[in-house]
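See below for the structure under consideration.
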Amino acid sequence: MVQAPEGRVTEPDFSAASADGFTADDLLACYASGVFPMGEARDDPRVFIIQPDQRGIIPLDRFHIPARLRRTVRAEPFDIRVDTAFDAVVAGCAQAAQGREDTWINDPIRRLYAQLHARGFAHSIECWRDERLVGGLYGVTLGGAFFGESMFSRERDASKVALVHLVARLRLCGWTLLDAQFMTDHLAGFGAVETPQSIYLRLLKAAMRLTPDKARLRASLSGDQAVTAAIQPLQPTTQAS
């Protein structure tokens, strides 16, 4: 969900022929094998395949919501919507912001994720106020794994509220793995941990066997319901045969 620090990187350049040289199916295969794409900069059309030695994940059975944020989510300052403005969320994540003058989300990245969204593999959690998109996040899902890509805020706490609503829905619908890509102090406040890639791959393999109830991802939740669902004890997950 963040820009990449130094990591182990392979470097295929499909910028000149992204539609033919690297497709949405190739992108899904990357996620299934435990790697993910990132651009170098907004105006640099190259895309790199990243495989960190250490992987940031947010364990869904140990998600933490700080007390002030719990009060904010319960107060419902935003209208939470799912998948109503996917392209706008990606655009918001790609915009320059204080402390983030550039972005790894370039045009090939945006085109590929738009294709995944059209096919039902990519989703956005959106925060709206007065019919304005003020924050949100997006990511990719395969089996019971959700791969968080990026988030943004135009109002205080908007991306954090979106994260709580995402976790609530993942837990309610049967996802077991929330991949945050890289560990940061910000994500640590929500319970994120760093795990070796070898362990991450085992978690991914188990999650890929599952079939979450994706139809419920768009279910309406009150702020109180979202907080409760995000932190209540998880029920045992039944794996698909």
Worksheet entry | Non-hydrogen atoms of Ile58 and Ala180 that approach each other most closely | CG1-CB, 4.2 Å
Worksheet item: Looking at CG of Leu204 and CZ of Arg209, how far apart are the two atoms once the value is rounded to the nearest 0.5 Å?
Response: 10.5 Å
Practice prompt. State, with a plain yes or no, whether a side-chain heavy atom of Ser159 is found less than 4.5 Å away from one of Leu137.
Written response: no
Worksheet item: If we only count heavy atoms from C-beta on, is the Leu27 to Val140 side-chain gap below 4.5 Å?
Response: no
Practice prompt. Determine the sole option in Ile80, Val134, Thr84 for which the side chain to side chain contact (heavy atoms under 4.5 Å, CB included) test with Trp128 is passed.
Written response: Thr84
Worksheet, complete the sentence: On a heavy-atom basis, the closest approach of Ala32 and Leu142 is N-CD1, 3.9 Å
Fill in: Pair Arg218 + Glu126, salt bridge at N-O below 4.0 Å
no
Worksheet item: Looking at residues at least two apart in the chain, or sitting in another chain, which of them share a side-chain contact (heavy atoms from CB on, under 4.5 Å) with Ala29?
Response: none
Item to complete: Please name all residues satisfying side-chain hydrogen bond (donor to acceptor under 3.5 Å, both in side chains) with Arg129, sequence neighbours left out, ordered by chain then number.
Response: Glu155
Discussion item. Quick check against the 3.5 Å criterion: does Thr184 have a side-chain atom that pairs as donor or acceptor with the backbone of Ala188?
Written reply: no
Fill in: Ile57 to Pro59 - nearest heavy-atom pair and separation
O-CD, 3.5 Å
Worksheet item: What pairs with His186 under ring-ring contact (aromatic ring centres under 6.0 Å, His included), at least two apart in sequence or on another chain?
Response: Phe190
Worksheet item: Hey, which of Met151, His117, Glu149, His123 is the one that makes side chain to side chain contact (heavy atoms under 4.5 Å, CB included) with Tyr138?
Response: Glu149
Item to complete: Apply side chain to side chain contact (heavy atoms under 4.5 Å, CB included) to the pair Leu178 and Leu166, showing each step before the final yes or no.
Response: CA-CA 10 Å; Leu178 176 51; Leu166 170 68; 4.2 Å; yes
Worksheet item: Are the side chains of Gln115 and Thr23 in touch, meaning some heavy atoms are under 4.5 Å apart?
Response: no
Discussion item. Show the nearest heavy-atom pair for residues Gly136 and Val89, with the distance to one decimal.
Written reply: C-CG1, 4.2 Å
Worksheet item: Got a second to check how far Cys30's SG is from Leu112's CG, nearest 0.5 Å?
Response: 10.0 Å
Discussion item. Between Arg119 and Asp25, does any NZ, NE, NH1 or NH2 come within less than 4.0 Å of an OD or OE carboxylate oxygen?
Written reply: yes
Practice prompt. Say whether, by atom type as modelled, one donor and one acceptor occur between the side chain of Ser153 and the main chain of Arg156 under 3.5 angstrom.
Written response: no
Worksheet entry | Whether Asp83 side chain and Ser124 backbone form a donor-acceptor pair below 3.5 Å | yes
Practice prompt. State the CG-CZ distance between Asp157 and Arg71, to the nearest 0.5 angstrom.
Written response: 11.0 Å
Worksheet entry | Any donor-acceptor pair under 3.5 Å from Arg70 side chain to Ile65 backbone | yes
Discussion item. Nearest 0.5 Å, please: how far is SG in Cys127 from NZ in Lys160?
Written reply: 12.5 Å
Discussion item. Name the residue from Val164, Asp213, Leu217 that meets the side chain to side chain contact (heavy atoms under 4.5 Å, CB included) definition with Arg169.
Written reply: Leu217
Worksheet item: Only one of Phe147, Phe182, Tyr31, Tyr113 forms a ring-ring contact (aromatic ring centres under 6.0 Å, His included) with Phe36, so which one is it?
Response: Phe182
Worksheet item: OG1 of Thr141 to CZ of Phe121: how many Å apart, nearest 0.5 Å?
Response: 9.0 Å
Fill in: Polar side-chain atom of Gln197 near backbone of Gly34 as donor-acceptor pair, under 3.5 Å
yes
Worksheet entry | From CA spacing to verdict: side chain to side chain contact (heavy atoms under 4.5 Å, CB included), Phe86, Leu116 | CA-CA 11 Å; Phe86 181 85; Leu116 291 189; over 6 Å; no
Worksheet item: Is the closest side-chain heavy-atom distance between Leu69 and Val161 below 4.5 Å?
Response: yes
Worksheet item: At their closest point, which heavy atom of Gly174 faces which heavy atom of Leu210, and how far apart are they?
Response: O-CD1, 4.0 Å
Item to complete: Quick one: do Leu133 and Arg81 satisfy side chain to side chain contact (heavy atoms under 4.5 Å, CB included)? Show the steps, please.
Response: CA-CA 10 Å; Leu133 179 66; Arg81 305 176 189 175; over 6 Å; no
Worksheet item: Can you tell me how far the NZ atom of Lys205 sits from the CG atom of Leu177, to the nearest 0.5 Å?
Response: 15.0 Å
Worksheet item: Where the side chain of Glu76 meets the backbone of Gly223, is there a donor-acceptor pair that is under 3.5 Å apart?
Response: yes
Worksheet item: Heavy-atom distance under 4.5 Å between the side chains of His165 and Val73, does that happen here?
Response: yes
Worksheet item: Quick one: does Gln54's side chain get under 4.5 Å of Pro196's, heavy atoms only?
Response: yes
Worksheet entry | Polar side-chain atom of Lys214 near backbone of Gly120 as donor-acceptor pair, under 3.5 Å | yes
Worksheet item: If every non-hydrogen atom of Ala229 is compared with every non-hydrogen atom of Ala168, which pair is closest and at what distance?
Response: CB-CB, 3.8 Å
